[in-house]
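To start, the structure under review is shown below, and the notes come after it.
Letters A, B, ... mirror the listed sequences (proteins, then strands); counts begin at 1. Side chains are part of it too, since the values below use all heavy atoms of this structure and drop only hydrogens, waters and symmetry mates.
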Number of protein chains: 2
Amino acid sequence: MGRNSRKVEILHAASKVVSEQGIFNLTLDATAKEAGISKGGLLYHYPSKEALVQGMVEHLANNYREKIANNAEADPVDKGKWVRAYVDVTFNQAYQNKDMHYGLLAAKAVSSNSLDPIRELYTEWQHEIEHDGIDPIKATIIRLATDGIWLSELFDIYHIEPEKKEAVYKKLKDWANESD
Amino acid sequence: MGRNSRKVEILHAASKVVSEQGIFNLTLDATAKEAGISKGGLLYHYPSKEALVQGMVEHLANNYREKIANNAEADPVDKGKWVRAYVDVTFNQAYQNKDMHYGLLAAKAVSSNSLDPIRELYTEWQHEIEHDGIDPIKATIIRLATDGIWLSELFDIYHIEPEKKEAVYKKLKDWANESD
DNA sequence: ATTACTATACTATCCAGACGGTATATTTTT
DNA sequence: AAAAATATACCGTCTGGATAGTATAGTAAT
């Protein structure tokens, strides 16, 4: 219970299954096997598949929320700090650990309300971004463009060359720094 | 054979199943029932579930490609016409018929290469957008922001108020018109 | 001794795909 | 033109394998 509890390990295993074998293979058996426990053990922690997916979503939402909040807090400049935090975290941190992607896909596949924690999160961020001291429409566009990058990674649809991606990142950051 | 062939009707039925019941319920039975034919009849047209999803993806990719191309061709101003076409179609036409969404989700769920037609499509567009007479980075950002809107609709994650969405749309169009 | 956890065995359901048939054109042969 | 052959477009049933979830009998730790 004290350490990185088993429940979190199971969540990571589930993400790994989705990432390597696709949503349709996110079965209780596959997750248990990946986590190195028995199916019974898995069901002890998450009594149903839906509960497992719910756990994935809640975990990633909390993680993401914390990352962005920390990033915004650490920013010495107040104006535009939430927008910058959103851009920074999504560009630089979200890709290492793609749990966000797979959790989202799993949640979308399983049921509509399993996405509720994500909805809540986005509502919070949208509020911060619109009251961040910069033009709210411009701030929203910066955020949307960041989401666009994220979409392309999520579906693995197209790849912007690294230099181009870097240039996009720089320009978005510039905009988040401009007075208006 | 002459009219809106049965195969297309089946594709729409499959999209409807995904939209109303989620990916996990995209079964051959459910699709057949929705299309008003028997399972055997369905399998006559699409010999496997994978073939069905492949059909969905190809159909929506062709549709989308055509829409954007028509829009770009109809634009009297050459500079920025592809960017404007992308923004216009995605904002104003893609949402009515959400086949794009569900087809994409189904493809992502089924297998990696079933997304190939979409990849090809995006590669084409990216090329046009980067050679559209406006700053390629700015053009890319406009496109990414448009994708961001699309992501939010796809996952039904958050809703920007209509006036705000309209303002975003206007600003993106403005940018696509600037000389820069 | 209670809690946290594991493992095995089992049930009931679901689903993809195969298969054998039917009905109705269309084409070819005679 | 009649008969025979072929192609197209379905229908309904069956089966084998997979899967969610249950039941239960345990073990290890605190």
Would you please confirm or rule out a distance under 4.0 Å between OP1 or OP2 of [N] and any side-chain N or O of [X]?
X: Ser38(A); N: dT6(C); result: no
X: Tyr44(B); N: dC10(D); result: no
X: His45(B); N: dA9(D); result: no
X: Arg6(A); N: dC5(C); result: no

Would one find more than 12 heavy atoms of other residues, nucleotides or ligands at under 6.0 Å from atom NZ of Lys173(A)?
yes
Sub-3.5 Å donor-acceptor pair from the side chain of Arg119(B) to the main-chain atoms of Asp156(A), do we have one?
yes
Go along nucleotides 21-30 of chain D 5' to 3' and tag each nucleotide: B for a protein heavy atom under 4.0 Å from its base, S when only backbone or sugar atoms are that close, - otherwise.
BB--------
Rounded distance in Å - [atom1] ([X]) to [atom2] ([N]):
X: Ile37(B); N: dG12(D); atom1: CD1; atom2: C1'; result: 13 Å
X: Glu9(A); N: dT6(C); atom1: CD; atom2: C1'; result: 15 Å
X: Tyr46(B); N: dC15(C); atom1: OH; atom2: C1'; result: 20 Å
X: Phe24(B); N: dA16(C); atom1: CZ; atom2: C1'; result: 16 Å
X: Leu52(A); N: dT19(D); atom1: CG; atom2: P; result: 15 Å

Any side-chain donor paired with an acceptor under 3.5 Å for Asn71(A) and Arg84(A)?
no
Please determine, by modelled atom types, if Glu130(B) and Gln126(B) share a side-chain donor-acceptor pair under 3.5 angstrom.
yes
Pairs flagged by ring pair (Phe, Tyr, Trp, His ring centres under 6.0 Å) wherever residues 105-149 of chain B is involved - sequence neighbours left out
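Every ring pair (Phe, Tyr, Trp, His ring centres under 6.0 Å) pair that includes a residue of residues 105-149 of chain B, provided the two are not neighbours, is Tyr158(A)-Tyr122(B), Tyr64(B)-Trp125(B), Tyr86(B)-Trp125(B), Tyr122(B)-Trp125(B), His127(B)-His131(B).
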Which heavy atom of Val57(A) sits nearest to which heavy atom of Ala107(A), and what is that distance?
CG2-CB, 3.4 Å
Closest contact, heavy atoms only, Leu26(A) versus Ala106(A)
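Smallest interatomic distance, heavy atoms only, reads CD2-CB, 4.1 Å.
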Closest-nucleotide 5' rank along DNA chain D - winner of Leu42(B) and Asp29(A):
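In this pair, the answer is Leu42(B).
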NA contact type, Thr27(A), heavy-atom cut-off 4.0 Å: base, sugar-phosphate, or nothing?
sugar-phosphate
